[in-house]
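Report on one structure; see the data block that follows.
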Amino acid sequence: MRTDTTFKRAFNDMIDIIRTLDLGEELPSENALRAQLGVSRTTVRKVLAGMSARGIIISEAHRRIIGDQPRQIERYPKEETLAISEQVETSFMEWMLRGDACPGTEINEAELARKFGVATTIVREFLNRFQKYGLIEKRQNAGWVFKGFTASFALELFEIREMFEMRSARLFAALPDGSPVWRQIQSMRAAHLELLADIDARFQDFSELDSRFHRLITAVAPNRFIESFQDVITMVFHYHYQWNKRDERARNEVAIREHLALIEALESRNIASIDHACRLHLTSARETLLRSIV
């Protein structure tokens, strides 16, 4: 199972790499791909074989070139790429945000372990990591207690998000023409347009694309604390959106269009345009989150 999960995650990551390349362009070497994907050479070769079988990669004179651009729909579902620790995270957020838990609810490690189908130690390790976000608390000589997800918590969280995301977006204006980020942005635009064209059938795919888009923006300003904070953004904002099904299709279409406007502003490298597009999207996202809490 672990190997299969690793392969599927690497396959999805390879799609992101290929989307930054042009048709007919040569693929990086296996060693370079191994470093980029963070997997073994065996897994790299398995991924390349899968891409070749789909006609995405073509072997030509001892080199591999891009034969076709992969479609977003060819990605493996996110739940099939998760490690056990991430599966526990997903299960816990579902339990917490679907309304099964209210402030003051006691959290029983053994009960959650049975519910999630994992060992108690794995649940305990997750809770120890998760407590830093302020949503749960370990009481002395007792178990865990759920403190609750409130509008106040959401607003405090959003204030921090707005600060670091606005800062990161502005840094695009100073990126050189040769930065690989510009190709990633082009790939991100293509993924958004592809999803928008099939929004009626695939609107539920937006959550993962949204997470990848915002991670790309913050990656322009590498910062270990921002990267850690991005984890709680994903865990709270995106999981909460996932369980709020009201007007989901319409909300996601609006967000996609806001992303496309932001991408256009980033490529313009105009600070005023970047600020306007970024604030517009963040304001919309904040209102969506607060409505979902109510």
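At a threshold of 4.0 Å, the pair Arg249-Glu253 counts as salt-bridged, since one of the basic side-chain nitrogens sits closer than that to a carboxylate oxygen. Ion pairing of Arg215 with Asp210 is absent here, as no side-chain N (NZ or NE/NH1/NH2) approaches a carboxylate O to less than 4.0 Å. In summary, Glu194 and Arg19 engage in a salt bridge, as defined by a charged side-chain N under 4.0 Å from a carboxylate O. The pair Glu137-Arg139 meets the salt-bridge criterion, with a side-chain N (NZ, NE, NH1 or NH2) lying under 4.0 Å from an Asp/Glu carboxylate O. Comment: Glu162 engages Arg279 in a salt bridge, judged by a side-chain N to carboxylate O separation of less than 4.0 angstrom. Between Arg170 and Glu165, none of the side-chain N atoms (NZ, or NE/NH1/NH2) sits under 4.0 Å from a carboxylate O, so this pair counts as no salt bridge. A salt bridge links Asp205 with Arg202: the distance from a Lys NZ or Arg NE/NH1/NH2 to an Asp or Glu carboxylate oxygen falls below 4.0 Å. Remark: Glu25 engages Arg183 in a salt bridge, criterion side-chain N to carboxylate O under 4.0 Å.
More than 12 heavy atoms of other residues, nucleotides or ligands sit less than 6.0 Å from atom CZ of Arg129. By the 6.0 Å contact criterion, CD1 on Ile84 is open, its count of non-hydrogen atoms from other residues, nucleotides or ligands being 12 or less. Enclosure of atom CZ in Arg269 by more than 12 non-hydrogen atoms of other residues, nucleotides or ligands within 6.0 angstrom is indicated.
Both tests pass for Arg286 against the ring of Phe158: distance under 6.0 Å to the centre and angle within 45° of the axis.
Residues Val39 and Ala10 share a closest heavy-atom pair of CG1-CB, 4.1 Å. Here the shortest heavy-atom pairing between Ala277 and Ala265 reads CB-CB, 3.9 Å. Shortest non-hydrogen contact noted between Phe11 and Glu74 is CE2-O, 3.7 Å. Taking all atoms of both residues into account, the shortest heavy-atom contact from Pro70 to Ile18 is CD-CG2, 3.5 Å. Heavy-atom minimum distance, Leu209 versus Met188: CD1-SD, 3.7 Å. Closest approach of Val44 to Glu30, counting heavy atoms only: CG1-O, 4.3 Å.
If you take CG on Asp13 and CZ on Arg212, they are separated by 9.0 Å, rounding to the nearest 0.5 Å. Taken to the nearest 0.5 Å, the CG atom of Leu216 stands 8.0 Å off from the OG1 atom of Thr218.
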Test Arg75 against Asp16 for salt bridge (Lys or Arg N to Asp or Glu O under 4.0 Å), laying out the working first. CA-CA 10 Å; Arg75 301 174 69 90; Asp16 294 333; 2.9 Å; yes

Step by step, work out the side chain to side chain donor-acceptor pair (under 3.5 Å) result for Glu109 and Trp144. CA-CA 8 Å; Glu109 294 177 357; Trp144 298 91; 2.9 Å; yes

Can you check side-chain contact (heavy atoms from CB on, under 4.5 Å) on Leu262 and Cys278, steps first, answer last? CA-CA 6 Å; Leu262 179 52; Cys278 197; 4.1 Å; yes

Please walk me through it: do His276 and His281 pass side chain to side chain donor-acceptor pair (under 3.5 Å)? CA-CA 9 Å; His276 175 74; His281 178 54; over 6 Å; no

Residues Val123, Leu127; criterion side-chain contact (heavy atoms from CB on, under 4.5 Å); working and verdict: CA-CA 6 Å; Val123 171; Leu127 294 175; 3.9 Å; yes

Go through it in stages, so that I can follow the logic: the residues are Glu26 and Arg64, the test is side-chain contact (heavy atoms from CB on, under 4.5 Å), and I'd like the CA-CA distance, side-chain angles, deciding distance and then a yes or no. CA-CA 6 Å; Glu26 185 174 357; Arg64 297 184 180 95; 6.0 Å; no

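Taking the six-membered ring where tryptophan is involved, the planes of Trp182 and Phe172 are perpendicular, since the angle between them exceeds 60° and thus also 30°.
Note: His214 and Phe164 fail the aromatic proximity criterion, with ring centroids not under 6.0 Å apart.
A distance-only check finds no donor-acceptor pair linking the side chain of Asn252 to the backbone of Phe206 [under 3.5 Å]. No donor-acceptor pair closer than 3.5 Å links the side chain of Glu111 to the backbone N or O of Asn108. Remark: side-chain polar atoms of Gln69 are paired, donor with acceptor, to backbone N or O of Leu21 under 3.5 angstrom. Judged by distance alone, with hydrogens and angles left aside, the side-chain atoms of Ser179 form no donor-acceptor pair with the main-chain N or O of Leu175 at under 3.5 Å. Using a distance-only test at 3.5 Å, with no hydrogens or angles considered, no donor-acceptor pair links the side chain of Arg189 to the main chain of Ile185.
Here the rule is side-chain hydrogen bond (donor to acceptor under 3.5 Å, both in side chains) with Lys8, and of Thr6, Asn12, Asp4 only Asp4 fits it.
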